[in-house]
Each structure stands twice: as C-alpha cells, then as structure tokens.
Amino acid sequence: MANIRPFSAYRPAPGMEDKIAALPYDVYDREEAAAEVKRNPDSFLAIDRGETGFGPEVDTYAPEVYERAAALLRDRILEGKFVREDRPCYYVYELTMEGRSQTGIVACASIDDYNAGVIKKHENTRADKERDRIRHVDVCNMQTGPIFLAYRFDEALSKIVGAVKRTAPACAFVSEDGIGHRVWVIGEESQVESIRQRFDRMDSVYIADGHHRCASAVKVGMMRREARPDYSGKEEFNYFLSVLFPDRELHIMDYNRVVHDLNGLTREAYLEKVSERFEIREAGERPYSPEGKGRFGMYLDGSWYVLTARPEILSEDAVDGLDVSLLQNHLLGPVLGIQDPKTDKRIDFVGGIRGLEELERRVQTARNHSSMAVAFSMYPTSMDELFAVADAGRLMPPKSTWFEPKLRSGLFLHELGE
C-alpha cells in the first residue's frame, strides 16, 4: 500500500502565482538562470538556484549559496509572498499544453515506501547531483521541487478529481511558455479520506521524473532520523513533496541523440556497418519522425534515413527491448564506439520539445566546425514500458524519457519541521 498523505503547503499569495512559478532548477545553466532571475526577481528560481545572487567568482555549491536560498525563502514568507494552508490538504494541479491536459494530486509520499520499493524507480542517480539538492533541502528546511510520480489509472480517484475540477480553482494562470496551470484545494474531510484510501489500495507508484530530487529528499529524511532517534514516523521529514498523475494522462516525448563523429569510419563504411543490424531506407530532406517501435530516423550529410531494426536484434526483455536499448546496443556502441552514454562526451541528447529541426541544426552547425556528424530521432518510450522496467527492478538506459509539460517549482512548498 502507498502511504500518500495530505499536508499543509506553503503556496504563493493570491495574484503572485504566475510571478513565482518557475521551471525546474535543472533545465537552466548558470548563465540562463541568472538572466531569468534578473528579468523576474520574484521567480522561485532565485531560491532554487541561490548562486544567481552572486557573481561567477562564487562557486555554485558554496555554503553561502544555500544560506542565501534559505534567507530568501524566509524573507519572502515574512513579506507575505507565500501563505500556509491552515490544515492538511490534498491539492489538484492541472497543466494544459497545446490543448492536452494532465491532472495530478499534490501530496506527500513516504520515504519508507521509497526505501521498501513501493515507490519504484527506473533510472540511477548521480551522487554529485544528489549532494546539491540534499544541501538545498536541508538548509532551507523545505522541499521546493515536487517529485513527478505516476500511478495506474484509478476510476474512483478520477471521479473525485473530476468533481473537484467542476468547482472554481484556487488559482489559474498561463505561464510565458503557453502552459496553462490551475490549482484546487481539497480540504473537505470526507474527500481527503477517500483519496487516502484509494492510494492505500495501490501496490506501487512510480517515479516518472525527478529521480535526483526524490533520492535527495529521502536522504535528508534519513539524516534527520539519525539526528532524532526518538522519531515517531509522523514528522514531516519522513515524507517528500510529490505530484501523482494517472498514467493515461501522461505524455512521454522522444529523447533524441546526436553524435559528434563517425568513429573514424568513412560514410560508406559506416552505412555498411549499420546495415548489418538495421534496414536502411532513404527518407529525403524532410525530418523523419518514427511511426512505431523498432524504427529510427537518422540525419546524415544533409539527408534523412529510416532505420528499421532487423528481426534478429529485437527482444522481449523489458530493458533490451526498448528502442533506446536497441540503438545503444546495436549501433551507438558497436558501430560508433559510444560504450557509456552517461559519460561519453561524443554523444549529446536533445529533448523532443525542441523538435527534429534542432537535430538538423546541431549537425549542420557542427559540421562547419568538423565536429558533429549524425543525429537520431527516436520513437518515444511508453508508460507501459516504464512500468515494466520498474516492476522488474531494472533500470532504463540514460535519457530514455522526456516528459512535457514540466511541473513548476514554487507553487507548493513542504516544510520539514524541526
């Protein structure tokens, strides 16, 4: 059973939501983050990325960066820019992008469920990324970026959420990127209990996005347990901020690949090697988006090709059967020499939100500098595949999923308490 409980959130004061809400901290580099905070000083990015208040001479991970983030957060609460709910609630958070909506329940998930595998993951985390968010959460005493969780569609939960959405939202705005955001508060006791009971019946929930934030939140909770051996398990630090979405409403986009060179091969030798495991068909000059599993687009020397995996390399295995695995195991690795895509500097990844034209641009621009050589467009990983990998206790290759739209930080804050 999944222990998903209500909490008393800090939320932006009415009218401040659109100014405060910010994209996740890790979609910006340092220069971009500083420019965004300069443009909009109220952006939550100023807190999520405390280094934006310093010059480049201050290290991104210096102690004063986290101290500044905590001080900014305290000041903005005192200024009335955030207000706290007077009782534990669930919240409904709807995001609408290009006419498609997804609606999640904002709540707190249990670190015990994460440790016990009730909350399932599908990718590994890096210690350096964890350390940053551990320090941020611990010094701020607040979880500020929600973990994106998914669950298998539940009819009863859908009806509760549907009824709530027929009432007036607590806030509604459209962010500058055109994404619509609406929030409702669920504080009525019977609805709160009904939601809790529905989650109690679930054997598993899944991390869709935010593995590093999740692992960091759990480690902060464990640190605080060590500091307080008399903990009861009910303290807020035993839980982490989450938004839980039904799988039917989620949209995974393609996560495409660009490689800097042909591994010393001529164009002809490269194509010959690729043809051993993939059928190759010319697709012309128009960008090719794969229509189904086992197919890939390839952009090389100004032309697009369709690659179709030969039957002998297909697999029913939860991981080896993924398209990202087929490309890695039968082309990127053996042909292009990309043995570890997590660390190899010759490969880069392009989220589907940027479009296939971005693949063309990267190759064409790079060719002028004799670096980038080939790009691959992917068929998106499905939610069923994500669930199958997580249920098997396995891990996906890096950069297998790209979710849109992105959850905003700053709309819901979870205080950890003493």
Side-chain angles (χ1 to χ4, degrees), residues 1-9 85-94 102-122 143 146-167 183-211 213-215 217-222 224-225 231-250 383-384 386-393 407 412-417:
M1 54 183 274
N3 182 7
I4 307 296
R5 76 175 198 174
F7 71 111
S8 299
E85 216 71 57
D86 60 4
R87 65 200 186 286
C89 299
Y90 290 112
Y91 305 87
V92 171
Y93 180 20
E94 176 198 74
Q102 62 186 52
T103 305
I105 295 174
V106 185
C108 281
S110 164
I111 67 174
D112 288 324
D113 282 353
Y114 178 89
N115 289 331
V118 174
I119 297 172
K120 297 183 176 181
K121 61 183 181 179
H122 66 264
Q143 291 158 355
I147 315 305
F148 189 156
L149 300 181
Y151 60 89
R152 289 186 171 86
F153 176 80
D154 182 272
E155 185 70 39
L157 267 182
S158 178
K159 288 180 179 178
I160 294 170
V161 170
V164 171
K165 288 178 64 175
R166 288 192 288 272
T167 66
V183 173
W184 291 262
V185 180
I186 304 178
E188 202 275 315
E189 209 167 293
S190 64
Q191 285 184 318
V192 167
E193 186 56 30
S194 294
I195 292 172
R196 187 195 286 271
Q197 288 178 5
R198 295 313 303 175
F199 283 119
D200 278 348
R201 293 168 179 258
M202 295 184 186
D203 294 330
S204 305
V205 294
Y206 301 80
I207 303 174
D209 200 8
H211 282 77
R213 290 193 296 277
C214 190
V218 170
K219 288 183 178 178
V220 171
M222 298 303 289
R224 298 209 172 185
R225 284 183 173 185
Y231 74 92
S232 69
K234 295 181 180 179
E235 299 87 355
E236 292 299 328
F237 59 72
N238 294 289
Y239 297 84
F240 57 88
L241 178 64
S242 307
V243 188
L244 300 100
F245 292 90
D247 59 341
R248 291 185 185 180
E249 297 186 13
L250 295 180
M383 286 301 301
D384 285 342
L386 186 155
F387 285 169
V389 171
D391 284 339
L407 305 182
F412 310 93
L413 310 179
H414 174 230
E415 188 172 40
L416 299 188

With sequence neighbours excluded, residues passing side chain to side chain contact (heavy atoms under 4.5 Å, CB included) with Glu415: Tyr10, Arg84, Asn141, Met142
Pairing residues for Asp200 by the salt bridge (charged side-chain N to carboxylate O under 4.0 Å, His left out) criterion, not counting sequence neighbours: none
Using atom types as modelled, flag every donor-acceptor pair under 3.5 Å from a side chain in residues 185-192 to any protein atom, sequence neighbours excluded.
unit_1 : atom_1 : unit_2 : atom_2 : d
Glu188 : OE1    : Ser190 : N      : 3.3
Glu188 : OE1    : Ser190 : OG     : 2.3
Glu188 : OE1    : Gln191 : N      : 3.1
Glu188 : OE2    : Ser190 : N      : 3.4
Glu188 : OE2    : Ser190 : OG     : 3.1

Passing option when Leu149 is tested against Val243, Leu244, Asp209 for side-chain contact (heavy atoms from CB on, under 4.5 Å): Leu244
Closest contact, heavy atoms only, Ala107 versus Ile4: CB-CG2, 3.5 Å
Shortest non-hydrogen contact from Arg224 toward Gly417: NH1-O, 3.2 Å
Within 6.0 Å of CZ in Arg201, more than 12 heavy atoms from elsewhere: no
Validation row: Ile111, Ile119 side chains within 4.5 angstrom (heavy atoms): no
Donor-acceptor pair, side chain of Gln143 and main chain of Tyr239, under 3.5 angstrom: yes
Set of salt bridge (charged side-chain N to carboxylate O under 4.0 Å, His left out) partners for Lys159, sequence neighbours left out: none
Glu249 side-chain N/O to Thr103 backbone N/O, donor-acceptor pair under 3.5 Å: yes
Student check: side-chain heavy atoms of Cys108 and His414 closer than 4.5 Å: yes
OG-CG distance between Ser194 and Leu157, expressed to the nearest 0.5 angstrom: 9.5 Å
No-hydrogen, no-angle side-chain donor-acceptor test under 3.5 Å, Arg225 and Asn238: yes
Candidate pair Glu94 and Trp184, rule side chain to side chain contact (heavy atoms under 4.5 Å, CB included), full reasoning: CA-CA 9 Å; Glu94 176 198 74; Trp184 291 262; 3.9 Å; yes
Where at least one partner belongs to residues 231-247, residue pairs that pass salt bridge (Lys or Arg N to Asp or Glu O under 4.0 Å), sequence neighbours excluded: Arg5-Glu236, Arg228-Glu235
Side chain to side chain donor-acceptor pair (under 3.5 Å) partners for Ser110, two or more places apart: none
Side chain to side chain donor-acceptor pair (under 3.5 Å): pairs with one or both residues in residues 149-158, sequence neighbours excluded: Arg152-Tyr206, Arg152-Asp391, Asp154-Arg198
Stepwise side chain to side chain contact (heavy atoms under 4.5 Å, CB included) test for Ile147 and Tyr114: CA-CA 12 Å; Ile147 315 305; Tyr114 178 89; over 6 Å; no
Pairwise side-chain contact, Val220 with Phe237, heavy-atom cut-off 4.5 Å (strictly under): no
Under 3.5 Å: donor-acceptor pair, side chain of His122, backbone of Ile207: yes
Residue list, salt bridge (charged side-chain N to carboxylate O under 4.0 Å, His left out) with Asp113, at least two apart or on another chain: none
Point-to-point distance, once rounded to the nearest 0.5 Å, from CG of Leu413 to OG of Ser8: 12.5 Å
Contacts of type ring pair (Phe, Tyr, Trp, His ring centres under 6.0 Å), residue Tyr91, not counting sequence neighbours: Phe7, Phe412
Heavy-atom check, side chain of Phe387 versus side chain of Lys120, under 4.5 Å: no
Side chain to side chain donor-acceptor pair (under 3.5 Å) partners of Arg248, counting only residues at least two apart: none
Pairing residues for Lys219 by the salt bridge (charged side-chain N to carboxylate O under 4.0 Å, His left out) criterion, not counting sequence neighbours: Glu130
Residues that Tyr90 engages under side chain to side chain donor-acceptor pair (under 3.5 Å), provided they are two or more places apart: none
Where Arg196 and Pro6 come nearest, the two heavy atoms and their spacing: NH2-CD, 3.4 Å
